[in-house]
Amino acid sequence: MPTTLTQEEPFEGRTSTELALGCFAIGTLFFILFLTLQDTSFIFIIGFIFIVVATILNAIMLHHLLYHFYILPQQRKYIGQKILILLSNIPIAFLYFNILKALQLL
């Protein structure tokens with residue numbers, strides 16, 4: 001009889017939380033550097049590349065979490081929390097963008 005993930009071990013979503021926190025930390029670092037440095041062209045280019053890579057990685061992780069949310073109904077609350085943690089970077093990014101726009105740095 002084949003064993004399934006639901007009977008053997010719980011879904012481990014630690015990687016998604018680490019990705020979300022890592023992207024938040026790196027994004028905040030770029031935001032602070034952009035605010036404090038005089039020549040921001042290099043930070044702007046590297047930050048844009050980071051945003052593209054982070055968006056791709058977060059989209060892959062979101063797809064992974066949504067898949068497991070669907071196939072593991074008994075763990076939906078836990079996986080739903082991981083999805084919310086992952087998606088919490090979106091309003092933070094908009095906040096940073098609006099601050100830079102309000103300060104007329106973009």
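Owing to the predicted nature of the structure, the values given are computational and were not obtained by experimental measurement.
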Which atoms form the tightest heavy-atom contact between [X] and [Y], and what is the distance?
X	Y	answer
Leu86	Ala20	CA-CB, 4.0 Å
Ser88	Pro91	O-CD, 3.3 Å
Ile79	His68	CD1-O, 3.6 Å
Thr55	Ile51	OG1-O, 2.6 Å
Phe24	Asn89	CB-OD1, 3.4 Å
Ser41	Asp39	OG-OD1, 3.2 Å

Tell me, with the steps shown, if Leu65 and Met61 meet side-chain contact (heavy atoms from CB on, under 4.5 Å). CA-CA 6 Å; Leu65 289 172; Met61 183 57 71; 4.3 Å; yes

side-chain contact (heavy atoms from CB on, under 4.5 Å) evaluation trace for Leu87 with Ile83: CA-CA 6 Å; Leu87 293 177; Ile83 291 171; 3.8 Å; yes

Mind checking whether [X] and [Y] sit in one hydrophobic cluster, side chains of I, L, V, M, F, W, Y counted as touching below 4.5 Å?
X	Y	result
Ile46	Phe31	yes
Leu84	Ile92	no
Phe97	Phe30	yes
Phe34	Ile26	yes
Val52	Ile49	no

Can you check side-chain contact (heavy atoms from CB on, under 4.5 Å) on Cys23 and Asn58, steps first, answer last? CA-CA 9 Å; Cys23 288; Asn58 281 298; 3.6 Å; yes

Is Phe44 atom CZ crowded by more than 12 heavy atoms from other residues, nucleotides or ligands, each under 6.0 Å away?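 Not more than 12 within 6.0 Å, no.
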
Atom pair [atom1] ([X]) and [atom2] ([Y]), whose distance is rounded to the nearest 0.5 Å:
X	Y	atom1	atom2	value
Ser16	Leu57	OG	CG	13.0 Å
Leu35	Ile43	CG	CD1	11.0 Å
Phe69	Lys77	CZ	NZ	12.5 Å

Do the side chain of Tyr78 and the main chain of Gly13 share a donor and acceptor less than 3.5 angstrom apart?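 Between the backbone of Gly13 and the side chain of Tyr78 there is a qualifying donor-acceptor contact (under 3.5 Å).
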
Is there a side-chain contact between Thr15 and Leu19 (heavy atoms, below 4.5 Å)?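 Not touching, per the 4.5 Å side-chain cut-off.
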
